[in-house]
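Written out below as structure tokens is the structure these notes cover.
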Amino acid sequence: MIRLTDFRIYGDSSGIARITILDGEKFEAGEIPSELKLAVHQLDSYFKGELQEFQLKINPEGTAFQKRVWQALMEIPFGSTVSYLQLARQLGDLKAIRAVAAANGRNPLWIVVPCHRVIGTNGSLTGYAGGLWRKQWLLNHENPPLQQELF
């Protein structure tokens, strides 16, 4: 399970710049800066299953190409997935599949910019900076498996 206490949010009045995974680190959050309160609220709502689309001001650092990829990630609907190949095609260059994958892997705003929604062409879970178990958890969170009836 992923919880709000598992990561730290960085940003300022220009927007959220980065979300890092704590991976067992102890972090005592003091008072939340006003610029980040909306992000904390929306992420909490997301994890509670009450929010499907973030409405946050973001300001990630990256190249122009990376920002194009990250923008394309934000267009993947909640509960859906696309392949790296589909994403490269959407960006207009099938040959850029490795560059798209690299930009996806450098996404500093995991969850908010939903890089977990990108999978291998064969449907496999591939590469995720937060670990494949988190990617699987997020995909299941957004699209839970259907309960089957026994009788």
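The figures that follow rest on heavy atoms only: side chains count, while hydrogens, waters and symmetry mates do not.
Distance check: Lys57 NZ to Asp12 CG gives 8.5 Å after rounding to the nearest 0.5 Å. The distance from the CD atom of Gln86 to the CD1 atom of Ile97 is 10.0 Å, given to the nearest 0.5 Å. To the nearest 0.5 Å, the span separating OG on Ser83 from CD on Gln90 amounts to 10.5 Å. Between the CD1 atom of Ile58 and the OG atom of Ser14 there is a distance of 12.5 Å, given to the nearest 0.5 Å. The OG1 atom of Thr126 sits 7.5 Å away from atom CG of Leu132, with the distance rounded to the nearest 0.5 Å. Here the CG atom belonging to Leu85 is positioned 11.5 Å from the CG atom belonging to Asn122, to the nearest 0.5 angstrom.
The aromatic rings of Phe78 and Tyr46 sit perpendicular to each other, their planes meeting at more than 60°, with 30° as the lower class boundary.
A side-chain donor-acceptor contact under 3.5 Å links Trp70 to the backbone of Ala103. Not one N or O on the side chain of Gln42 forms a donor-acceptor pair closer than 3.5 Å with the backbone of Leu51.
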Identify all side-chain donor-acceptor contacts of residues 109-119 below 3.5 Å with residues at least two apart in sequence or on another chain.
{"residue": "Trp110", "atom": "NE1", "partner": "Ile19", "partner atom": "O", "Å": "3.2"}
{"residue": "His116", "atom": "NE2", "partner": "Glu142", "partner atom": "OE2", "Å": "2.8"}
{"residue": "Arg117", "atom": "NE", "partner": "Glu142", "partner atom": "OE1", "Å": "2.8"}
{"residue": "Arg117", "atom": "NE", "partner": "Glu142", "partner atom": "OE2", "Å": "3.4"}
{"residue": "Arg117", "atom": "NH1", "partner": "Ile76", "partner atom": "O", "Å": "2.6"}
{"residue": "Arg117", "atom": "NH2", "partner": "Glu142", "partner atom": "OE1", "Å": "3.3"}
{"residue": "Arg117", "atom": "NH2", "partner": "Glu142", "partner atom": "OE2", "Å": "3.0"}

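When every heavy atom of Ala96 is checked against every heavy atom of Phe65, the shortest pair comes out as CB-CZ, 4.5 Å. When every heavy atom of Leu125 is checked against every heavy atom of Gln136, the shortest pair comes out as CD1-OE1, 2.9 Å. Residues His141 and Pro144 come closest through the heavy atom pair O-CD, 4.0 Å.
When the shell of 6.0 Å around CD of Glu61 is examined, it contains 12 or fewer heavy atoms from other residues, nucleotides or ligands.
The closest side-chain heavy-atom distance from Ile21 to Arg134 is below 4.5 Å. Tyr10 has its side chain out of reach of Pro108: every pair of non-hydrogen atoms, C-beta onward, lies at least 4.5 Å apart.
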Open item on the list: Working note: Leu43 + Ile9, criterion side-chain contact (heavy atoms from CB on, under 4.5 Å); need CA distance, chi angles, decisive distance, verdict.
Closed with: CA-CA 10 Å; Leu43 283 161; Ile9 305 167; 3.5 Å; yes
Open item on the list: Using side-chain contact (heavy atoms from CB on, under 4.5 Å), reason through Leu73 and Val82 one step at a time and then give a plain yes or no.
Closed with: CA-CA 9 Å; Leu73 293 174; Val82 301; 6.0 Å; no
